[in-house]
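In each ligand, atom 1 is the first atom listed, and ligand 1 is the first ligand listed. Model, not experiment: these values are computed from the prediction. Positions are given from 1 along the sequence.
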Amino acid sequence: MATDSLTITDNRTGQTYEVPISDGTVRAMDLRQIKVDEDEFGMMAYDPAFTNTASCRSSVTYIDGAAGILEHRGYSIEQLCEKSTFLEVAYLLIFGELPTAPQLDRWMFDITHHTFVHEDLKHLFEGFRYDAHPMGMLLAGVGALSTFYPDAKQIGDPEERYMAAVRLIAKVPTLAAFSYRHNMGLPYVYPDNELNYAENFLSMVFKKTEDRHIPKEALTKALDVLFILHADHEQNCSTNAVRGVGSSDVDPYSAVAAGVAALYGPLHGGANEAVLRMLRRIESPENIPEFLERVKQRDEKLMGFGHRVYKNYDPRARIIQQYIEPVFEATEYSPLVEIARELEKRALDDEYFTERKLYPNVDFYSGIIYEAMGIPTDMFTVIFAIPRTAGWVAQWMEMQEDPEKKIARPRQIYTGERELEYVPIEQREGPEKIVGPPARRPKRPRRGA
Ligand code: ACO
């Protein structure tokens with residue numbers, strides 16, 4: 001018997017099966033041979049939320065949650081944040097290796113020269129209500145890109161794939177900034193090719209009447225590092241959405257729009273916003289012990305703490321901390337920093353949190369930095385989507401090359417009725433309950449609505 005195998009005995013039949021183990025996993029399809037009757041479908045694995053299922057093979061990002069390690073293509077996140085730029089990391093994620101100087105020049109040139117969006121896309125944004133959520137606008141904008149670049153449907157063409165990668169990374173910041181300007185009722189600001197990636201984004205967000213908006217270096221450096229920290233995080237909810245939707249061979253813009261939609265959800269991209277709300281409610285460091293008691297009573301959640309994968313200090317949270325001082329020196333001091341620091345210290349000294357392996361995650365400090373930059377909370381998730389676009393593209397590209405690529409199509413355990421006889425409507429009986437909320441008289445449309 002092979003040692004790299006799993007022996008399963010089906011106690012229903014007494015039959016024994018040998019299933020190969022490779023990379024610490026068994027193939028779910030190898031379970032299919034396990035059946036009681038020959039004409040049965042065969043055994044499946046049940047794993048709602050994929051908590052213990054590897055959905056692909058990937059060489060983009062490595063995480064060791066117990067040790068608090070994050071690496072992209074083998075390079076530690078600490079080294080990348082210290083020595084690289086976001087665009088270099090985006091190249092690394094997508095093409096698998098750090099670029100040489102000429103490769104990086106070309107990559108930066110291509111990204112810089114694709115930051116403009118078609119004027120019709122601007123008109124699309126103008127059609128949104130004044131208070132439309134910027135993430136909803138970004139979602140629509142990224143989806144709409146597919147209509148401007150129909151050739152991207154040729155996903156087997158490496159040139160088209162490259163152009164889609166460039167356009168997505170170049171244009172998502174422009175769409176993100178347009179969504180902010182629309183919200184604020186300000187004119188949209190066009191990209192400035194003389195600025196770097198982070199500077200250009202801040203210029204499109206904040207430029208007023210000045211000829212050129214050059215943000216403070218402390219802010220652009222911190223933002224570039226935040227972009228690196230959020231660039232990829234292996235098979236998270238939004239990446240899984242991109243791969244799932246992309247597996248139908250749809251164009252990459254539509255697949256990435258699915259990623260934006262997944263990130264929009266409060267359980268994924270919205271936690272740093274919740275951290276700010278929590279810190280504001282705590283109000284002052286004296287109130288922390290009482291707040292932590294409420295957390296222990298389960299009346300509150302300590303937002304920005306805990307992670308599905310990291311059961312140690314999130315390495316990204318450690319890196320962010322180095323940028324808090326420089327950002328606040330360049331902006332205005334926020335008392336929320338003291339509350340956050342004291343809250344972290346007390347939680348890390350408390351057995352309740354250490355026993356449960358609850359440590360600060362990337363979101364604990366990122367919102368404080370965004371707020372210091374003058375970015376409103378509604379925009380936090382939009383800013384998360386900018387760097388994550390590089391990760392989504394890298395994972396989408398990798399999937400195209402995967403010899404095992406197939407349309408994603410999970411199975412289910414059916415729990416409903418079977419083989420019922422159709423009942424004509426006049427013979428149907430049952431409770432008088434009407435599905436849906438009570439019918440209301442239609443409201444008179446508001447003026448201008
Ligand atoms: N505050 C208080 N208690 C917590 C917290 C928290 N933030 N997170 C987990 N716990 C407790 C749970 O109540 C549970 O306690 P118990 O064993 O006594 O019942 C224990 O710790 C284990 O928690 P799980 O819920 O099993 O952990 P899971 O891996 O499912 O959840 C999650 C991870 C969702 C991130 C959770 O820690 C959480 O809600 N944190 C706050 C939200 C947050 O910061 N999200 C950002 C994540 S980073 C990102 O997405 C970019």
Side-chain angles (χ1 to χ4, degrees), residues 47-53 61 63-66 68-70 72 77 135 225-242 259-282 288-321 336 339-340 343-370 377 379-392:
D47 188 10
F50 304 140
T51 49
N52 196 37
T53 294
T61 292
I63 300 176
D64 180 340
I69 293 172
L70 169 62
H72 294 311
I77 190 69
M135 197 62 174
V225 168
L226 279 159
F227 282 171
I228 296 175
L229 292 176
H230 288 89
D232 192 58
H233 214 227
E234 53 123 300
Q235 306 313 313
N236 54 82
C237 177
S238 56
T239 302
N240 183 55
V242 171
V260 178
L263 195 66
Y264 198 174
L267 293 186
H268 191 5
N272 49 11
E273 202 178 320
V275 171
L276 274 196
R277 279 200 300 272
M278 172 186 77
L279 295 175
R280 285 199 195 103
R281 265 191 296 121
I282 294 176
I288 291 173
E290 191 201 325
F291 174 79
L292 287 179
E293 271 318 302
R294 288 209 303 278
V295 173
K296 292 188 209 172
Q297 299 303 319
R298 295 170 191 267
D299 295 334
E300 295 269 6
K301 211 168 200 188
L302 180 48
M303 297 311 289
F305 260 64
H307 197 278
R308 172 59 60 77
V309 179
Y310 294 117
K311 299 302 171 195
N312 199 325
Y313 213 101
D314 179 341
R316 302 169 300 172
R318 215 185 290 282
I319 295 169
I320 285 189
Q321 297 208 34
L336 296 185
I339 302 176
L343 188 57
E344 176 189 350
K345 189 167 156 290
R346 283 183 182 260
L348 294 180
D349 276 345
D350 192 319
E351 265 186 10
Y352 180 91
F353 299 96
T354 48
E355 261 174 14
R356 288 170 175 76
K357 300 196 186 331
L358 298 173
Y359 297 92
N361 59 49
V362 67
D363 285 328
F364 193 66
Y365 287 107
S366 63
I368 294 180
I369 295 186
Y370 292 142
T377 41
M379 280 293 287
F380 291 0
T381 321
V382 172
I383 293 184
F384 190 161
I386 295 173
R388 187 51 60 86
T389 298
W392 291 330

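In terms of modelled atom types and a separation under 3.5 Å, the side chain of Asp314 and the main chain of Asn312 share no donor-acceptor contact.
Looking at residues two or more places apart in sequence or on another chain, you find a side-chain hydrogen bond (donor to acceptor under 3.5 Å, both in side chains) between Arg281 and Glu300.
Other residues, nucleotides and ligands contribute only 12 or fewer heavy atoms inside 6.0 Å of the CZ atom of Phe50.
Checked against the 6.0 Å centroid threshold, Phe364 and His307 do not count as a close aromatic pair.
The aromatic rings of His268 and Phe384 lie perpendicular to each other, with more than 60° between the two planes, well past the 30° mark.
When side chains are defined from C-beta on, Val295 does not count as touching Phe305, because their heavy atoms never get closer than 4.5 Å.
Protein residues are said to neighbour a ligand when one of their heavy atoms lies under 4.0 Å from it; for ligand 1 these are His268, Ala271, Val295, Arg298, Lys301, Leu302, Met303, Gly304, Phe305, Gly306, His307, Arg308, Lys311, Arg356, Leu358, Asn361, Val362, Asp363.
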